[in-house]
Amino acid sequence: MDLTGLTIAKTHAGLKKKEFSILELCKTYLDNIRKKDREISAFLNVNEELTLAEAKKTDELISKEKEFPLLTGIPCAIKDNIMVEGLKCTAASKILKNYTAPYNATVIEKLKKENVIILGKTNLDEFAMGSSTENSAFGPTHNPHDVSRVPGGSSGGSAAAVAADFCAFSLGSDTGGSIRLPASYCGVVGLKPTYGAVSRYGLIAFASSLDQIGPFAKTVEDCKIVFNAIRGKDPLDSTSVESEIPNSKFQASNLRVGVPKEYFVKGIDPEIERTIKDAIKKYESLGVKIEEISLPHTKYALPCYYIIAPSEASANLARYDGIKYGISNVKSKTSNLLDVYQDTRGEGFGAEVRRRIMLGTFSLSSGYYDAYYLRAQKVRTQVIKDFEKVFQKVDAIFTPVSPVLPFKIGEKIEDPLSMYLVDVYTVSINLAGLPALSLPVGKVKGLPVGLQIIGRPFEEEKILEIGKLF
Ligand code: GLN
C-alpha cells in the first residue's frame, strides 16, 4: 500500500486499525521527499530528526487508544511565513534567513493539540508577494505536473508538497490568490477562508486587511477536516471571529449558482474557458440552477488590489530595519542608524519586495494618498457591494481560478505587470473578504485547471459541500 497517496480520512482509518504506525507513515513520506524534492524544491527545511521523534512519541500516545482526533499523526507541511516554535521562519527572504520562530502561530497550536506531525516548512514568494514562487530568495519551486513550469504562488511550496505526495495536507496563506492559484496549478484542493474565520496570529504579515491562512489537501473532505481544526476566534487576533457554522445541508436542485460574465472575456485561454464551462455543465446536470450574473466593478479590482496590498505591505515591512529582526548590515564603524536601515533593507529584500514597498510608500505619501490609496478604498467598497447584491440571488459563484495555464519558469519574471494579471480572478475575493475554494476540475495539455467556488461570508461549509458534489 502506498501510504503517501492516502487521504487524511484513510490514513486515520489505517492508524486506528493499526495497519501501520505513525513512524512508518512518516518514514515513507520522508523517503519520498528525499527522492523527489531535489527536482521540485517544495521545502525550504525538512526536520527529519524532529519528525521521527514526534512520530515515535505520538505512536506511544495512541498505542492504547481506540479513538483519537482525525489529525493525530498526520504528516503535514507549513508555509514558511507561519511560525512554528523552534523552527526557522524565513518568509523566503534573505532578511530573515537566520530567524527562528520564538512561538507558535495559533493555527499551529491548534494543529499540535491534535498531534499532527510537521515535516517541514515550504517555499513561497518572498513575503508571499508573487504568483509563481519564483520570488523566493532561495530559488523557485517546480510544478510536480511539469517541472519546467511554475507551481503558482505565493504558496507554491505548500501546493506542490501535497501534489507530489510529500505530505497529507499543508497550510498556506492567501492575500490575493496565494492559496487558490497554486492549488489550481498543482491540481489539489485549496481553501481561502472568510476574512476573520482563521486566526492570523503568528503569520508574517503582508497586507493585514487581506491576509488569511488556509489549507491545501487532496480532497474536499480533507480540506474541511483541516479548516475545522484551525478555524475560530482567537483573543490574540482581534480580527478573528467565532462564526456559527451555518446549516450547509442543501439539495442540488435548490442551489442557485451565478456565473459572472465579466470573468469570461478576452484574455482567458479558450481551453480553460471550455474546461470551466464543462464543469459548470456537470453541475447543471446534477440539478444545480446556473445563472449569468454581473459583477460590474471586476475590472477595477486588480488595480485596486495592487494599490491596497503594497500600501499595507510598506507599513508591515517597516519593522525589518536591521535592528529588531533578522540580518543587520553594519558596513563600517562610521555607519549611522539610517545607513544600517538602508544597507540592511537594500541587501535583505529582493526586487519584488522593494518594488511593493516603493509602490506602497508612494500611494500613501501626502499629496498622493487621496488620488491612490483613498480612491482604491472607495473602489474596494464598490467591489464588496457587487458581491453583496449578487449574493441576494445566488448561493455561490463559479469562476475560473486563473486565465492562463501554469506558465514556464522564467516566462513572466521580468514583466511584473503580466505576473500581476495572473491574479485577475482571485483578488476581488480578498478585497471583499469572502471564502473561496479552488477545485481541480480537469486538465488542459496535461496541466491541471481549477474551478473557483466563491461563497457568502462564513459559508465555507456550503462551498465545500458544493465542491464535493463534483
Ligand atoms: N499574487 C498576489 C500578489 O503578489 C497575491 C499574493 C498572495 O495572495 N499572498 O500580491
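Ligands are counted one by one from 1 in listed order, and the atoms in each one are counted from 1 as well.
- Here's the thing with G177: one of its N/O atoms is less than 3.5 angstrom from an N/O atom of ligand 1.
- Close N/O approach between Y305 and ligand 1 is found [any backbone or side-chain N/O within under 3.5 Å].
- Residue contacts with ligand 1: M129 is placed with no nitrogen or oxygen under 3.5 Å of a nitrogen or oxygen of the ligand (distance criterion only).
- Distances from atom 6 (C) of ligand 1 to the heavy atoms of P182, S178, P416 put S178 nearest.
- Cation-pi geometry between K277 and F264 is satisfied (NZ or CZ under 6.0 Å from the ring centre, within 45° of the ring normal).
- Geometric assessment of K282 against the ring of F470 yields a positive cation-pi assignment under the 6.0 Å and 45° thresholds.
- No donor-acceptor contact under 3.5 angstrom links the side chains of S173 and Q212, judged on distance only.
- Contact detail for L359 and Y420: the closest heavy-atom pair is CD1-OH, 4.5 Å.
- For the residue pair S363/Y369, the side-chain donor-acceptor check at 3.5 Å is not satisfied.
- When non-hydrogen atoms are compared, ligand 1 lies under 4.0 Å from the side chain of D423 (C-beta onward) but not from its backbone.
- Side-chain atoms of T7 and E221 form no donor-acceptor pair, as typed in the model, at a separation below 3.5 Å.
- Ring geometry for Y103 versus Y201: interplanar angle under 30°, hence parallel rather than tilted (30 to 60°).
- Within the 4.0 Å heavy-atom criterion, neither part of K79 lies near ligand 1.
- When every heavy atom of G130 is checked against every heavy atom of S178, the shortest pair comes out as O-OG, 4.1 Å.
- Look at A309 and you'll find every heavy atom at least 4.0 Å from all atoms of ligand 1.
- More than 12 heavy atoms of other residues, nucleotides or ligands shown are found within 6.0 angstrom of NZ on K36.
- Atom numbering of ligand 1 starts at 1 in the shown order; those under 4.0 Å from a heavy atom of G176 are 5 (C), 7 (C), 8 (O).
- Between N430 and R180, the side chains place a donor N or O and an acceptor N or O closer than 3.5 Å (distance only, hydrogens not considered).
- Residue Y420 places every heavy atom at 4.0 Å or more from ligand 1.
- For atom 3 (C) of ligand 1, the nearest protein heavy atom (residue, atom name, distance) is Y306 OH, 3.2 Å.
- Below 4.0 Å from some heavy atom of G130 lie the following atoms of ligand 1, by number and element: 1 (N), 2 (C), 3 (C), 4 (O), 6 (C).
- Under 4.0 Å from ligand 1, the heavy atoms of S154 that appear belong solely to its side chain.
- The distance criterion of under 3.5 Å between nitrogen or oxygen atoms is not met by F206 with respect to ligand 1.
- Ligand 1 is approached by R356 to a heavy-atom distance shorter than 4.0 Å.
- When each atom of ligand 1 is checked for a heavy atom of D174 under 4.0 Å away, the hits are 8 (O).
- Atoms of ligand 1 found under 4.0 Å from any heavy atom of A128, numbered from 1 in the order shown, are 6 (C), 7 (C), 9 (N).
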